[in-house]
Novice: 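Below is one structure. I have some questions about it.
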Amino acid sequence: MVAVSTPIESQIGTDEIRQIQLLAVLLSALPAKGKLRELLDAALVAESHSEATDAVGAVREFSTEGLKRYLEARWVTNAAKLQPAEAKILEWQKDATNVATAVRELVAAEYALGFRLDVVAH
């Protein structure tokens, strides 16, 4: 099958609906007072566009290392351009206990639900 580039409005369909539904199910499976929920709450407060995000642009390489470079460029290289909500996300990640606990919470939710989030290009 050949992929055809079309405006996003015409691409919305069943796959996107299932993605939204699975995201809702996954989020609802997280502990109410958990560390991952704490991080995701902070992310939801952040603006979708800021000087820092605009400086980096879109993700170009969908691999663990490619995403690491993207996130470092977004949060570390452009730290002075971060909005307060974005800075809170960066600060949260500096605490190894936060990260380790959040990883355990994510793995437990994925295991309970029988599916896993993964890094793949589209």
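In this text, all values refer to a predicted model and were calculated from it rather than measured experimentally.
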Novice: Is it true that L71 and V76 fall in one hydrophobic cluster, defined by side-chain heavy atoms closer than 4.5 Å?
Specialist: no
Novice: For E105 versus G34, what's the shortest heavy-atom pair and its separation?
Specialist: OE2-CA, 3.3 Å
Novice: Using the rule that Ile, Leu, Val, Met, Phe, Trp and Tyr join whenever any side-chain heavy atoms are under 4.5 Å apart, tell me whether L39 and L67 fall into a single cluster.
Specialist: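 Linked within one cluster.
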Novice: To the nearest 0.5 Å, tell me how far Q93 CD sits from I89 CD1.
Specialist: 7.5 Å
Novice: So how far is it from R74 CZ to E72 CD, rounded to the nearest 0.5 Å?
Specialist: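 Nearest 0.5 Å value for the CZ-CD distance: 14.0 Å.
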Novice: Nearest 0.5 Å please: distance from the CG atom of D41 over to the CG atom of L36.
Specialist: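 Between D41 CG and L36 CG, I get 9.5 Å after rounding to 0.5 Å.
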Novice: Nearest 0.5 Å, what's the CZ-CG distance between R116 and L26?
Specialist: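 One finds 12.0 Å between CZ of R116 and CG of L26.
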Novice: Has the side chain of E110 got a donor or acceptor atom that lies under 3.5 Å from a matching backbone atom of L117?
Specialist: yes
Novice: Would you kindly confirm whether L22 and L113 end up in one hydrophobic cluster when ILVMFWY residues are joined by side chain heavy atoms under 4.5 Å apart?
Specialist: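 Yes, it is one cluster - the side chains of L22 and L113 are joined through contacts under 4.5 Å.
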Novice: How long is the gap from CD on Q21 to OG1 on T14, to the nearest 0.5 Å?
Specialist: 9.5 Å
Novice: Any chance you could measure D15, atom CG, to I20, atom CD1, to the nearest 0.5 Å?
Specialist: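 D15 atom CG to I20 atom CD1 measures 11.0 Å (nearest 0.5 Å).
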Novice: State, to 0.1 Å, how close A109 and A29 come at their nearest heavy-atom pair, and which atoms those are.
Specialist: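 The pair with the smallest heavy-atom distance is CB-CB, 4.0 Å.
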Novice: Determine, using the 4.5 Å side-chain heavy-atom cutoff (strictly less than), whether V45 and L82 are members of one ILVMFWY cluster.
Specialist: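 In one cluster: no.
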Novice: State, yes or no, whether a side-chain contact exists between Q19 and L23 at a heavy-atom distance under 4.5 Å.
Specialist: no
Novice: Sequence neighbours left out, what pairs pass side chain to side chain donor-acceptor pair (under 3.5 Å) with at least one residue falling in residues 23-39?
Specialist: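 Output for this query lists K35-E38, K35-N98, E38-W92.
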Novice: Using the side chain to side chain contact (heavy atoms under 4.5 Å, CB included) criterion, which residues pair with E61? Sequence neighbours excluded.
Specialist: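 E61: side chain to side chain contact (heavy atoms under 4.5 Å, CB included) contacts with S63, R69.
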Novice: Would you say CZ of F115 has more than 12 non-hydrogen atoms from neighbouring residues, nucleotides or ligands within 6.0 angstrom?
Specialist: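 Enclosed.
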